[in-house]
Amino acid sequence: MTRTADYARRYGFPQRVRVVEVGPRDGLQAEPEFIATTDKIAMIDRLASAGIREFEATSFVSPRAVPQLRDAAEVIAGVDRTRRVRLTTLVPNPRGAVAAAAARVDAMVVFLSASESHNRKNVNRSREQSLEGFREVVSIAREAGITVRGAIATAFGCPFEGEVDVAAITDIARAYAGMGITHVTLGDTTGMATPPLVVERCRALREAVPQTDIALHFHNTRGVGLVNVHAGLAEGITIFESSIGGLGGCPFAPGATGNIATEDLVYMLHECGVETGIDADAVADAAAWMEGVMGRKLPGQAAKAGPRLRRSAMDAVATACG
Ligand code: ZN
């Protein structure tokens, strides 16, 4: 048995996981400068050719609320669908669901915050009102033969309320299951997750909604994003969300880094013996390309350092560092 496979077995990691690229939506939504539609499409196509199969491609939200994603329909229409990619999109309300269905997305994602104050701040509704509104979204999606996933934001802590009770998460997951939504993403919106919280929340969800698929969405705000993934893997989680380059930020912490970087996630998974079906080098190339699109350095690290076993000529460096 190889070293990596042996490691994966010791920790009880799944053999293979799904990486969902959320850069086009979560990574870009707060960018003040409009990113060209052709660049958004090229970003998805590039990552698809690197082997990524699932994308949170955009959000059918009001263009006034999120001007960056005003080209949602054009992005969906422009992506090369021959590669068997699944394009999911955030849908905040029935109007968004109608637009998403017309654009022929593969899945819609409804979302609410585990904390009442964050939900009010985010969508100006109580959690109860949000859940009520999802019923119509679900029926629009069902009519169009499109599956619906549910996301829970601030699942590991709230920037306004602090700790978020685990019962808030299991209650929402049960409400989702009651509407037929059996894919739940725990979102670490402001980077408050820690390994003990990940373990606690995954176990509680498994118990509350055993039929539901769990996905984890971490931000690297406090530098422990990949450690949280490691904790999730040990709990048997098989779906992880990330953004190329670590695009994205945190509205409550100016200067903070965004999502965990896809190239770093893929690097860690492969080195820990977990398969993804993704070409790590091609993803790193895509991250470097993305820096060109954004016109700045992005926080992801694996693309900058290159493969672990890339060797340098001894006389090419002035001095070895400690
Ligand atoms: Zn996020």
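Basis for what follows: all heavy atoms, side chains included, without hydrogens, waters or symmetry-related copies.
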Open item on the list: Is it true that N228 and T194 share a donor-acceptor pair across their side chains at a distance under 3.5 Å?
Closed with: no

Task: Donor-acceptor pair, side chain of E161 and main chain of S117, under 3.5 angstrom - done: yes

Task: Residue E275 excluded, over 12 heavy atoms near CD under 6.0 Å - done: yes

Open item on the list: If the condition is side chain to side chain contact (heavy atoms under 4.5 Å, CB included), which residues does R308 pass it with, not counting sequence neighbours?
Closed with: R3, Y267, E271

Open item on the list: Quick check: F218 with F156 (ring centres under 6.0 Å apart)?
Closed with: yes

Task: Flag, side chain of E263 to backbone of G245, donor-acceptor distance under 3.5 Å - done: yes

- [ ] Mark yes or no for whether S243, through its side chain, and V22, through its backbone, hold a donor-acceptor pair below 3.5 Å.
- [x] no

TODO: Taking all heavy atoms of A100 and all of T89, pick out the closest pair and write down the distance.
DONE: CB-CG2, 4.3 Å

TODO: Work out which heavy atom in V137 is nearest to a heavy atom in P94; give both atom names and the distance.
DONE: CG2-N, 3.7 Å

TODO: Look up atom OG in S242 and atom CG in N220, then write down how far apart they are to the nearest 0.5 Å.
DONE: 11.5 Å

Task: Taking every non-hydrogen atom, the tightest pair across P63 and R70 - done: CB-CB, 3.8 Å

Open item on the list: Using the rule that Ile, Leu, Val, Met, Phe, Trp and Tyr join whenever any side-chain heavy atoms are under 4.5 Å apart, tell me whether I152 and M179 fall into a single cluster.
Closed with: yes

Open item on the list: Within a 6.0 Å radius of atom CZ on R53, are there more than 12 heavy atoms belonging to other residues, nucleotides or ligands?
Closed with: yes

- [ ] Give the intermediate values and the outcome of ring-ring contact (aromatic ring centres under 6.0 Å, His included) for residues H230 and Y11.
- [x] CA-CA 9 Å; H230 198 283; Y11 278 97; 5.0 Å; yes

- [ ] Kindly write out the residues that satisfy side chain to side chain contact (heavy atoms under 4.5 Å, CB included) with A204, not counting sequence neighbours, or none if the list is empty.
- [x] V166, T170

Open item on the list: Whether the T262 and E21 side chains hold a donor-acceptor pair (N or O, under 3.5 Å, no angle test) is what I'd like checked.
Closed with: yes

Task: Short N-O contact, R149 and E54, less than 4.0 angstrom - done: yes

TODO: Flag the pair F34 / P67 as yes when at least one side-chain heavy-atom distance between them is below 4.5 Å, and no otherwise.
DONE: no

Open item on the list: When you measure from the side chain of T189 to the backbone of T154, do you find a donor-acceptor pair of N or O atoms at a distance under 3.5 Å?
Closed with: yes

Open item on the list: Check this for me, if you would: do R203 and E207 make a salt bridge, where the nitrogen-to-carboxylate-oxygen distance has to be below 4.0 angstrom?
Closed with: no

Open item on the list: Show, in sequence, the C-alpha distance, side-chain angles and deciding distance for E132 and R135, and conclude whether the salt bridge (charged side-chain N to carboxylate O under 4.0 Å, His left out) test is met.
Closed with: CA-CA 6 Å; E132 203 42 55; R135 292 181 197 285; 3.5 Å; yes

Open item on the list: Could you check whether any side-chain N or O of R201 sits under 3.5 Å from a backbone N or O of A155, counting only pairs where one atom can act as donor and the other as acceptor?
Closed with: yes

Open item on the list: Looking only at side-chain N and O atoms, does N259 offer a donor or acceptor that is under 3.5 Å from a partner on H217?
Closed with: yes

Open item on the list: Are T221 and T190 packed together at the side-chain level, in the sense that at least one heavy-atom pair is separated by less than 4.5 angstrom?
Closed with: no

Task: R9/D6 salt bridge by N-O under 4.0 Å criterion - done: no

TODO: Please name the pair of heavy atoms, one in G23 and one in L247, separated by the smallest distance, quoted to 0.1 Å.
DONE: O-CD1, 4.4 Å

Open item on the list: If only side-chain N and O atoms count, and only distance matters, is there a donor-acceptor pair under 3.5 Å linking T4 with H270?
Closed with: no

Open item on the list: Check whether D279 reaches the backbone of A50 with its side chain - one donor and one acceptor, N or O, closer than 3.5 Å.
Closed with: no

- [ ] Count the heavy atoms of every other residue, nucleotide or ligand shown that sit under 6.0 Å from CZ of R104, and state whether that count exceeds 12.
- [x] no

Task: Closest non-hydrogen atom pair between T82 and D80, with its separation - done: OG1-OD1, 2.5 Å

- [ ] Examine distances only and state if a side-chain atom of S113 and a backbone atom of S115 form a donor-acceptor pair shorter than 3.5 Å.
- [x] no

Open item on the list: Just checking Q15: does its CD atom have more than 12 heavy atoms from other residues, nucleotides or ligands closer to it than 6.0 angstrom?
Closed with: no

Task: Minimum heavy-atom distance M294-E31, with the two atoms named - done: CE-CD, 3.3 Å

Open item on the list: In the structure I gave you, are the side-chain heavy atoms of I172 and L112 within less than 4.5 Å of one another anywhere?
Closed with: yes

- [ ] State whether the side chain of R310 and the backbone N or O of A305 hold a donor-acceptor pair below 3.5 Å, judged by distance alone.
- [x] yes

- [ ] Quick one: list whatever passes side chain to side chain contact (heavy atoms under 4.5 Å, CB included) with V293, sequence neighbours left out.
- [x] I35, D39, W289, M290

- [ ] For the residue pair T88 and V105, establish whether any side-chain heavy-atom pair is separated by less than 4.5 Å.
- [x] no

Open item on the list: Determine whether K304 and E291 satisfy the following criterion, salt bridge (charged side-chain N to carboxylate O under 4.0 Å, His left out), listing intermediate values before the conclusion.
Closed with: CA-CA 11 Å; K304 297 186 183 79; E291 291 194 331; 3.6 Å; yes

- [ ] Compare all side-chain heavy atoms of L269 with those of V17 and state whether any distance is below 4.5 angstrom.
- [x] yes

Task: Donor-acceptor pair, side chain of D188 and main chain of M192, under 3.5 angstrom - done: yes

TODO: Mark yes or no for whether N93, through its side chain, and G96, through its backbone, hold a donor-acceptor pair below 3.5 Å.
DONE: yes

Task: Check: H219 and T257 side chains under 4.5 Å, non-hydrogen atoms - done: no

